[in-house]
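In what follows, a single structure is set out as structure tokens and then discussed.
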Amino acid sequence: MTPSDDDTQRDAQHWSRVQESGTLAGMRLMIWIRRHLGRWPFRLMLVPVILYYYAIRHIPRQASQDYLKRIWPLYAGRAPRCVHWLSLRHFLVFGGMLMDKIDAWSGRTLEARVDGEDRARLDAAIRSGRGGLVLVSHVGNLEICSAMQERRDDFHVVQIMHTRNASKFNELLARSNLRRAPEIIEVSEITPATAMLLAERIQQGHFVMIAADRVPLHDGGRTQTLDFLGAPAAFPEGPFHLATLLRCPLYTVACLRDAEGYRVEFNDFDDTTHVKRVERDAWREQAMRRYVQWLTDQCQRQPLQWFNFFPFWASSTTHKDDD
């Protein structure tokens with residue numbers, strides 16, 4: 001059977017395809033510049049790279065503009081005056097975040113605050129020994145959260161990562177200076193074997209991080225259409241189905257950059273230990289809506305730090321630039 005043009009276009013615009021443009025050789029070069037020449041040479045090299053990428057990659061550019069038109073009225077109370085300039089800023093912020101990711105991979109100390117109640121909740125979760133499933137997103141800098149375990153012997157992180165992207169990330173970690181890099185579990189879909197492995201890690205007191213703001217790679221992956229920033233968008237059911245199978249505490253983690261550096265926010269989300277089988281569907285629907293509200297709050301606080309450069313909404317168009 002030959003796929004339709006619509007199916008081919010959707011496949012080409014899927015987040016896993018859009019992100020493939022980053023080559024390992026290019027990543028190695030940027031890491032070498034950052035390590036051996038410093039921050040300012042890295043910044044100088046990064047600007048033309050970002051400008052070139054912004055100019056030639058119309059799908060990420062359109063996706064950025066679509067998102068900013070939706071979030072900016074919530075953030076600033078008005079539509080963006082020049083969405084092209086704002087979108088370029090969005091890309092440049094991503095470039096700056098890339099340098100911080102490299103620093104995190106290299107074991108450099110970054111200003112990542114865990115203040116007050118967030119620290120108390122994190123300490124309580126670690127002391128409980130129960131581990132848990134941590135729902136994250138593509139807002140901010142997750143690598144800093146993972147690198148936190150470098151400074152805490154009692155904090156063990158496991159990251160679930162899409163297989164196509166994980167091989168590059170694993171090789172970069174292997175070349176990093178981290179003494180204790182996060183464990184990466186590579187998956188293309190959640191299988192019973194995956195669930196058993198994750199359950200074992202959680203029973204050991206580890207914290208499994210999974211992003212819940214990207215649709216499954218395979219068509220068989222179930223999604224739910226929810227209102228996000230004023231329009232229908234597909235969210236994956238997988239992380240929430242996994243939560244009911246693991247029967248464990250759930251948390252959310254965010255790491256946003258502000259004027260003082262990065263701040264890690266660790267919050268309780270739920271606990272599926274006592275969710276009965278007949279209650280799973282209702283719990284999953286309610287939990288997904290709460291997650292989308294949490295994601296909305298994160299984007300509204302730092303709108304230029306959500307790095308999902310692919311068509312997210314069903315009504316998104318990517319065939320031409322906006323006027």
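When reading the values below, keep in mind they use all heavy atoms of this one structure, side chains included, and skip hydrogens, waters and symmetry mates.
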| task | Give a yes or no on this: more than 12 heavy atoms of other residues, nucleotides or ligands lie within 6.0 Å of atom CZ of Arg78. | result | yes
| Distance under 6.0 Å and angle within 45° of ring axis: Arg280 vs Trp283 | no
| message | Looking at Tyr262, I'd like to know if the NZ or CZ of Arg113 sits under 6.0 Å from its six-membered ring centre while staying within 45 degrees of the ring's axis. | response | no
Check the side chains of [Y] and [X] for a donor-acceptor pair under 3.5 angstrom, ignoring hydrogens and angles.
X: Arg277; Y: Thr244; value: no
X: His156; Y: Gln204; value: no
X: Gln293; Y: Asp297; value: yes
X: Asn267; Y: Trp294; value: no
X: Arg257; Y: Asn141; value: no

Nearest non-hydrogen partners of [X] and [Y], listed with the distance:
X: Ala234; Y: Val215; value: O-CG1, 3.4 Å
X: Arg290; Y: Asp270; value: NH2-OD2, 2.6 Å
X: Leu256; Y: Gln298; value: CD1-OE1, 3.4 Å

| note | Taken to the nearest 0.5 Å, the spacing of Asp227 CG from Thr296 OG1 works out to 8.0 Å
Can you classify the ring geometry of [X] versus [Y] as parallel (below 30°), tilted (30 to 60°) or perpendicular (above 60°)?
X: Phe309; Y: His90; result: tilted
X: Phe312; Y: Trp306; result: perpendicular
X: Phe91; Y: Tyr54; result: perpendicular

